[in-house]
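Below: the structure, in structure tokens.
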Amino acid sequence: MPDTTGSPPLSPKMRIWQVVALIPHGKVCSYGQIADYAGLPRYARYVSTALKQAPQSLQLPWHRVINAQGKIAFPPHSAAFREQCSRLRNEGITVNQGRIALSECQWHPDLATLVLSLPF
DNA sequence: GGAGTGACTCGGT
DNA sequence: CACCGAGCCACTC
């Protein structure tokens, strides 16, 4: 029997996209954090996969996603690295040697925001 | 259906 | 700090 709730199950991938889309301008977030907020603990690794698979049409702020050490996850000097670097600077974020001041730029979403914005 | 692969993380050295 | 190893999970051959 089909579910009468009318709420289709959201795949992990789509949950991740939802969360990434919420990261505000000028803020950054780690892979592990995103997985956590998406209700998918220990999915940090899959976050990167999901981002790579995300269609351009979604226009996700992928550049606001960095690793838990506050550094850009791409190899330095790669095209993607420079791209992310300049995008972050465009938002007023200071990037030094691929490193970012998490203490100042890390995203701290409040529970209300998550509950109101996410369908789960 | 098993092995290999990542834009990861954490703890130990 | 930096490097290493183990744990992790969905995806792709």
Side-chain angles (χ1 to χ4, degrees):
Chain A
M1 131 159 196
D3 79 293
T4 55
T5 66
S7 54
L10 222 46
S11 68
K13 192 186 305 186
M14 292 184 58
R15 289 190 176 201
I16 291 170
W17 291 346
Q18 284 271 353
V19 174
V20 173
L22 290 182
I23 305 177
H25 182 282
K27 292 292 174 184
V28 297
C29 192
S30 81
Y31 296 87
Q33 260 188 297
I34 292 176
D36 237 1
Y37 295 144
L40 303 165
R42 294 189 285 292
Y43 269 58
R45 224 163 174 155
Y46 184 54
V47 170
S48 61
T49 303
L51 283 183
K52 200 184 297 187
Q53 294 175 345
Q56 273 292 326
S57 56
L58 287 184
Q59 307 216 64
L60 291 181
W62 58 271
H63 54 282
R64 301 190 188 130
V65 184
I66 60 183
N67 67 24
Q69 304 155 13
K71 298 201 289 191
I72 292 182
F74 289 112
H77 302 99
S78 68
F81 177 95
R82 288 195 305 270
E83 171 74 7
Q84 183 166 12
C85 227
S86 64
R87 280 185 186 231
L88 288 175
R89 286 180 175 141
N90 272 342
E91 302 195 350
I93 298 177
T94 303
V95 185
N96 258 338
Q97 309 274 313
R99 204 173 87 270
I100 293 162
L102 275 186
S103 54
E104 299 177 3
C105 307
Q106 187 164 35
W107 179 40
H108 301 293
D110 53 288
L111 188 56
T113 301
L114 294 176
V115 172
L116 292 179
S117 311
L118 304 175
F120 47 83

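Naming convention: chains lettered A, B, ... in sequence-line order (proteins, then strands); numbering from 1 in each chain.
- A/Q53 comes within contact range of the sugar-phosphate backbone alone, with a heavy-atom separation under 4.0 Å but no base atom that close.
- For A/L88 and B/dA7, the CG to C1' distance is 13 Å, given to the nearest whole Å.
- No donor-acceptor contact under 3.5 Å links the side chain of A/R42 to the base of C/dC8.
- A/R45 has its CZ atom 15 Å from the P atom of B/dG4, to the nearest Å.
- Between A/P12 and A/K71, it is A/K71 whose nearest contact on DNA chain C lies nearer the 5' terminus.
- Between A/F74 atom CZ and B/dA7 atom P there is a gap of 7 Å when expressed in whole angstrom units.
- In terms of modelled atom types and a separation under 3.5 Å, the side chain of A/E91 and the main chain of A/H25 share no donor-acceptor contact.
- Remark: side-chain polar atoms of A/Q33 are paired, donor with acceptor, to backbone N or O of A/W107 under 3.5 angstrom.
- Note: A/H77 and A/F81 have parallel aromatic rings, judged against thresholds of 30 and 60 degrees for the angle between ring planes.
- Side-chain atoms of A/N96 do not come within 3.5 Å of backbone N or O of A/R99 as any donor-acceptor pair.
- Taking atom P on both nucleotides, B/dA7 is separated from C/dG7 by 22 Å, rounded to a whole Å.
- With hydrogens and angles ignored, the 3.5 Å screen pairs no side-chain donor or acceptor of A/R89 with any backbone N or O of A/T94.
- At whole-Å resolution of the value, CD1 in A/I66 and P in B/dG6 are 22 Å apart.
- Atoms CD1 (A/I72) and P (B/dC8) sit 13 Å apart, rounded to a whole Å.
- Closest to the side chain of A/Y43, from the set B/dA7, C/dA10, B/dC10, is C/dA10.
- The nearest whole Å value for the distance from the CZ atom in A/R99 to the C1' atom in B/dA7 is 19 Å.
- One interatomic measurement links the two molecules: NZ of A/K13 to P of C/dC9, which rounds to 18 Å at whole-angstrom precision.
- One finds no side-chain N or O of A/T49 lying less than 4.0 angstrom from the OP1 or OP2 phosphate oxygen of C/dC9.
- At whole-Å resolution of the value, CD in A/Q69 and C1' in B/dA7 are 13 Å apart.
- For C/dC11, the OP1/OP2 oxygens have a side-chain nitrogen or oxygen of A/Y46 closer than 4.0 Å.
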